[in-house]
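Notes for the one structure printed next.
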Amino acid sequence: MKRKWLVQLVLPLLGLSTLFCLLAFAPGSAHSRPPLLEMSVILRENDGGASTLRKGMEQAAADLNVELRFLAPATDNCAQEQAQLLEREIAGNAAAVLLIPADREALSPAVTAAAGRTALVTMETDMTEQGAMVSVGVDHAAMGEALGRIALNGVPEGGTALLLDSVPGDNGIRQRLETAEAYLASHGRKVMVCRWSPDGNALRRVLRMGGIDAVVAFEATALEQVTELSQQDWSFPLLYGVGSTPAIAAGLERGKITSLVAENVFSKGYLAVEATAAAARRGTVLDIPYISFSIVRQETMYDPENEKLLFPVT
Amino acid sequence: MKKRFSELLRRWRELYHRAELQMVLSLSFTAVAVVGMVLMGLALFLRFSSSTNAMAAESSQLVLAQVNLNLDHYLRNMMRVSDAVYYQVIKDLDLGDRDAAQALSQALDLLYEKDRETLVSLAVFDQDGGLLAAAPLTDLKVSVTPDREEWFTTAMDRIENLHFSTPHVQDLFADPDDHYRWVVSLSRKVELTRDGGIQGGVLLVDMNFSGIEQLCKDVILAGGQGYLYLIDSNGEIIYHPRQQLIYAGLQAENNLVAADYPDGSHTETFQSQRRQVTVKTVGYTGWKLVGVVPRETLWDNYGQLVLFFLFVVLFSIFLLTFANLRLSEWITAPMKKLDQAVRELERGKAQVDFDVEGPYEVEHLSRSIQTMVSTMRHLMDDIVQQEEEKRRSELDVLQSQINPHFLYNTLDSVVWMTENGRTEDAVVMLTALARFFRISLSRGSNIIPIADELEHARHYLTIQKMRYKNKFSAEITAEDGVESLYTIKLIIQPILENAIYHGMAYADGDGEIRIHAYRAGDDVLIEVSDNGPGMPEEMVERLLKPNAPAAAAGAKGSGIGFRNVHQRIQLTFGPDYGLSIDSEPDSGTAVTIRLPALDEDAARAYRKEGER
């Protein structure tokens, strides 16, 4: 009798539970988007909002349901300002921070402090030893060597190559410069390093001294500005550099830039946001390979692969 | 395997035989219902899945058809621009005229302005690649050689057709603003008139790629999880929502394979993902619109649907199981009540209620059982009564075995003989007496051979003849084979007693008693006849009457009587057997004992427990 009532009580309960589950769990999509993630992006310089890098970041943000907040120091490449911005974001409980460091050494304390409190990823300059979860960027040593290699063609043995130090401090750009310097020096070229300023006065002073066979810029902003400068001077030395903006492409096409190294900036931005989102949401560290780059000359700039690098479809 | 199956079957049978009827019913109902529900659910689900797939495919096809329409309209618009330039401007111009170039430029400017949102440039080249006119920009880049460009060479090769290129960055014109635009080039060979002569040339219309992008960009497939891309006839991507990621190598697409699919829906596996792919060819261009819906998107819904169906089936199973339990309980309740009543009866309960209401069969069963129990009770009562009568008869027999009067009289005769010196007669009488009692007791057996019974009668007659001073003679005969058959004991002697006391007592030496045993079919008949005075009919009837008083224990003779013998025979062998008396006054008396012919084996059945 007891068993009978037990069975006859259990069964209706089971049935009711099933009915409840039926009504409670409405069909939905297992592929529902992850919750919105607010991500702070601390740039190194103000890019005007239309750069390919930013477009790549925004594509990733759209795909991954991330809201990006772009922050740039008032003064380009100012590490102290970046540190302040970082500290402010941490104090505001930022869930994720993507940082393009201007100076590794100067930012080290801030990055170390921030690393324990948020998901922090750096781009362009590797700060994983200081606590960043991932670094996204090119192989600076390889890029520096590539730049040295292309500049080698324009600088005869014993000639002088002028390297523009446009982002002073301990960073990836600097690493490229140092590698290129070592490469050129090892191949019997004299190397001068010039601190770059946007007004170009320092460069002009050096060029006036003469003896410079080639100028090498190690990042897009500097290359753009130098290209602009070169348009005004028909005796400007051969120009090499890194970048893939329309102005740089135009400079290449006009022959103002002899050869350049173009990296896939769109994918760099995309991957950086993707890595930061993964670190913030799942605590996982994605294995991001080095961003690829290519050497582009005027005659190859419209080759399909280079075309996509220089003129990303965004 | 076979052995396991047999073992399983055996266990199943055991379980079945041990299980209650209600459990068997409810389990059977539930099993059938579950199987039915699962099969039905599966069929419905499969049907639904199939319909959903078909609907998804149809939906994708409809979307693609619409996009195709829009794209076709867009491309035809461009083709119309090209036609307008060729047929309304170039055809009417002789380039040899002084103002021809300017007129051509103006016409191109006008047409460009009309569609500046979608056009990047219009240009006419001569057969050597020389620029004749262009809008809006007119200066070619220094490094450009149009006659080596693919759009130029293809147009010159395919004379009648319009050629659509894949997207590329326009690098023809020197743009002071350094704008680099992605375009799709529409080129055709044209006939240029110069000084009355016809020359070949190429008309180039560069469409802004963003126009195509706008048409394809916001297309929603499968609730937002699917997407659409555009490829040319070689599979090269013209538009893809993840175009730059593909160019960057961060994502891959199965575009080259999709180029070979005919129009319609297909299923493909790409990078371990199953996808539903719908293809639609864009007329004239040979481009293909490819709609992709990842199967896992459909499966998300399927997963939820499977869960939904599972819940429905489970709920139904629980409901049915519950209903089956209640139903089977209601059905089997009368049978359980009946079973309970039978158990009570088995335990020996005197009054058991078999009045059970229920289906016809159950009620019929309960009535039948009730009748059977009642009949059984009556039969048992009859048996008890019969046994009681048998026991009384046997008790009488036992009592008669040591009847003191017969013994006293016989011993008295022995004493008298001894006193009178007739010791031999005394020995004979004593010997006959001993043997008489020995057979009477027969070591407690109730069934003895007919030979012993006749021997018993013989010894009795010996004693009585001597006592009655040989007033009568006696003869005992038996047919061959009869003496080895069996009978209950002490059936002849009481009849002899009766014959002697009522028939031979008044004989004067001529009394005769005959005993003859013979077979009559399956029966044995023992006839005891005498030539005495006979008995009237009423006396004959009284002798065998069951309710007439038995002979008193103190009367002459053994005291058992006809009635006792008749009763014992009938109690033991049935109503077909017993005594029959044929007697008339002055005609003697013949008493026939009818018994069944029992051999030793048959006689064993009538022996009581403990008898040998």
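Model, not experiment: these values are computed from the prediction. Naming convention: chains lettered A, B, ... in sequence-line order (proteins, then strands); numbering from 1 in each chain.
- Both the backbone and the side chain of B:His168 come within less than 4.5 Å of a heavy atom in chain A.
- The structure places CH2 of B:Trp182 at 4.0 Å from CD of A:Glu307, a figure rounded to the nearest 0.5 Å.
- With a 4.5 angstrom heavy-atom cutoff, B:Leu250 touches chain A only via side-chain atoms.
- When the heavy atoms of residues 232-243 of chain B are compared with those of chain A, the residues falling under 4.5 Å are B:Pro241, B:Arg242, B:Gln243, listed by number.
- Distance alone, capped at 3.5 Å, is enough to place a donor-acceptor pair between the B:Tyr180 side chain and the A:Ala250 backbone.
- With a 6.0 Å radius and a threshold of 12 heavy atoms from other residues, nucleotides or ligands, B:Met335 has its CE atom at or below the threshold.
- Side-chain contact check for A:Leu309 versus B:Tyr247: every heavy-atom pair is 4.5 Å or farther apart.
- Considering every non-hydrogen atom in both A:Asn264 and B:Gln244, the closest pair reads OD1-NE2, 4.1 Å.
- Between A:Tyr302 and B:Gln170, the shortest heavy-atom distance links the atoms OH-O, 4.5 Å.
- With a 4.5 Å cut-off on non-hydrogen atoms, A:Gln59 touches chain B through its side chain but not through its backbone.
- The environment of B:Glu150 atom CD is sparse: at most 12 non-hydrogen atoms of other residues, nucleotides or ligands sit within 6.0 angstrom.
- With respect to chain A, the highest number of heavy-atom pairs below 4.5 Å among B:Thr321, B:Leu319, B:Val142 belongs to B:Thr321.
- B:Asp178 has its side chain within reach of A:Arg254: a pair of non-hydrogen atoms, C-beta onward, lies under 4.5 Å apart.
- In plain terms, the two heavy atoms of A:Glu253 and B:Asp171 that are nearest each other are OE2-CB, 4.3 Å.
- For A:Tyr270, the part lying near chain B is the side chain, with the backbone staying farther off; criterion is any non-hydrogen pair under 4.5 Å.
- Counting heavy atoms of neighbouring residues, nucleotides and ligands inside a 6.0 Å radius, atom CG of A:Asp199 exceeds 12 of them.
- Here B:Trp151 pairs with B:Phe125 under the ring pair (Phe, Tyr, Trp, His ring centres under 6.0 Å) rule; sequence neighbours left out.
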